[in-house]
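Note sheet for the following structure.
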Amino acid sequence: DPRGITRDHVRALREVGFNRASLGVQDYDPAVQKAVHRWQPRELTEEVVGWIRDAGFLSLNLDLIYGFPHQTVDSFEKTLDAVLKLRPDRLVTFSYAHVPWLKRAQRVLTKSMPSAEVKLQLLKLTIEKLTSEGYIYIGMDHFARENDELAVAQQRKTLQRNFQGYSTHGGADIFAFGMSAISQTDDAYWQNTKDLNRYYAALDQGRSPQCKGYFLTAEDKIRRRTIMRIMCDLSLDYAGMSQESGIDFPLRFATELAGLADLEADGLVRRTASGLEVTQVGRLFIRNIAMRFDAYLPKESERRFSKTI
């Protein structure tokens, strides 16, 4: 958060070995910032970016969010133009997760939210503008310069995903610290408590602040691999998946693959006897495509998560 960092912080991080930096920008428009209670002048962000560059960080990422209250295509384009002048190595444009049933503070924003149609227009604008400026659309709201290792890994089909987003490091254990943080190994996931008092109480007592965990089954790992390849490669190679997983992939997932008929009819995927390919339009709905292979998603009426659009 650029609002809570100093030049000394940046220097200290670089001195102990950090080589990548990511800043939250969200949106430059004053009306949007006021609505979401995040006042962050453009000049402040530009100053912190200067500190990061002066300190010698090797890579800079900037986070934006689309779908905020009062956002319009015109206003968000101005934010994109301003951010592009900072020449970040990567850009992430997250879709705002409106979950007022989980976060009560979001209830005051409901009346000023952009429609699903406007959100799609915002995403379309972002993709067109960033790709025209030389960024590669990695997928899932991520963009990187064409010589960035994420773009190179996607071309080589070695790209990975984890809770932090896209990565070039497969099979790495991830240990997360802080409230609600999720850690991951090959066999398990676990999450820290979201409650501040419980978090500190556990630490004061010398206990791990985790509140829940899950051990993956063999089936979970196959499905995780399937979903990852869809999100990273934007395709599925049945022979490759069969070899990696030790199963007859088309046979094991016959029901799921047959169930993609409606997505194919909408022009989102192309199916062949040897594999599956996500179309350019389908990339906008990559979450929906991947969800077809998730065995744990509840019925639409029972979902507690944010909508994909």
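- By the 4.5 Å heavy-atom criterion applied to side chains, F285 and D266 are not counted as neighbours.
- Taking a 6.0 Å sphere around CZ of F18, one finds it holds 12 or fewer heavy atoms contributed by other residues, nucleotides or ligands.
- Taking 4.5 Å as the limit, every side-chain heavy atom of R223 sits out of range of all side-chain heavy atoms of D294.
- Ion pairing of R38 with D1 is present here, as a side-chain N (NZ or NE/NH1/NH2) and a carboxylate O approach within less than 4.0 Å.
- With no hydrogens or angles considered, a side-chain donor-acceptor pair links Q40 and T45 at under 3.5 Å.
- Partners of D141 under the side-chain hydrogen bond (donor to acceptor under 3.5 Å, both in side chains) rule, at least two apart in sequence or in another chain, are R287.
- Exactly one residue among T79, D81, L80 makes a side chain to side chain contact (heavy atoms under 4.5 Å, CB included) with Y28. That residue is T79.
- A salt bridge links K124 to E128: at least one charged side-chain nitrogen sits closer than 4.0 Å to a carboxylate oxygen.
- For residues 196-206, the side-chain hydrogen bond (donor to acceptor under 3.5 Å, both in side chains) pairs, not counting sequence neighbours, are Q205-R207.
- Two residues are said to be in side-chain contact when any heavy atoms from C-beta on lie closer than 4.5 Å; F143 and I136 fail this criterion.
- Counting heavy atoms from C-beta on, the side chains of E77 and K129 come closer than 4.5 Å.
- Note on ring orientation: taking the six-membered ring where Trp is involved, the planes of F175 and W190 are tilted (angle from 30° to 60°).
- In this structure, the side chain of S183 engages the main chain of A176 through a donor-acceptor pair within 3.5 Å.
- Side-chain N or O atoms of R283 include none that pairs as donor or acceptor with a backbone N or O of L234 at under 3.5 Å.
- Atoms CD1 and CE, on I286 and M231 in that order, are 7.0 Å from each other to the nearest 0.5 Å.
- Under a 3.5 Å cut-off, the side chain of D27 and the backbone N or O of D29 do form a donor-acceptor pair.
- Side-chain contact between R145 and Y135: present, with at least one pair of heavy atoms (C-beta onward) separated by less than 4.5 Å.
- Distance check: R90 CZ to D148 CG gives 4.0 Å after rounding to the nearest 0.5 Å.
- The line from OG1 of T226 to CZ of R292 is 15.5 Å long, rounded to the nearest 0.5 Å.
- Expressed to the nearest 0.5 Å, how far CZ of R3 lies from CG of L23 amounts to 12.0 Å.
- Ring orientation note: the planes of F68 and Y96 are tilted relative to one another, at an angle of 30° to 60°.
- In this structure, R161 is positioned above the aromatic face of Y166, its NZ or CZ under 6.0 Å from the six-membered ring centre and within 45° of the axis.
- Note that NZ of K194 and CG of L196 are 14.5 Å apart. Values are rounded to the nearest 0.5 Å.
- Note that CD1 of I127 and OH of Y137 are 4.0 Å apart. Values are rounded to the nearest 0.5 Å.
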Working note: R156 + E149, criterion salt bridge (Lys or Arg N to Asp or Glu O under 4.0 Å); need CA distance, chi angles, decisive distance, verdict. CA-CA 10 Å; R156 297 175 177 174; E149 62 179 11; over 6 Å; no

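- Few gaps surround CD on E47; more than 12 heavy atoms of other groups in view lie less than 6.0 Å from it.
- Looking at residues two or more places apart in sequence or on another chain, you find a side chain to side chain contact (heavy atoms under 4.5 Å, CB included) between R224 and Q184, D186, Y189, L216, K221.
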Assess whether salt bridge (Lys or Arg N to Asp or Glu O under 4.0 Å) is satisfied between E244 and R225, documenting all intermediate values. CA-CA 9 Å; E244 289 183 26; R225 179 70 178 173; 2.6 Å; yes

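- Side-chain atoms of S245 do not come within 3.5 Å of backbone N or O of I222 as any donor-acceptor pair.
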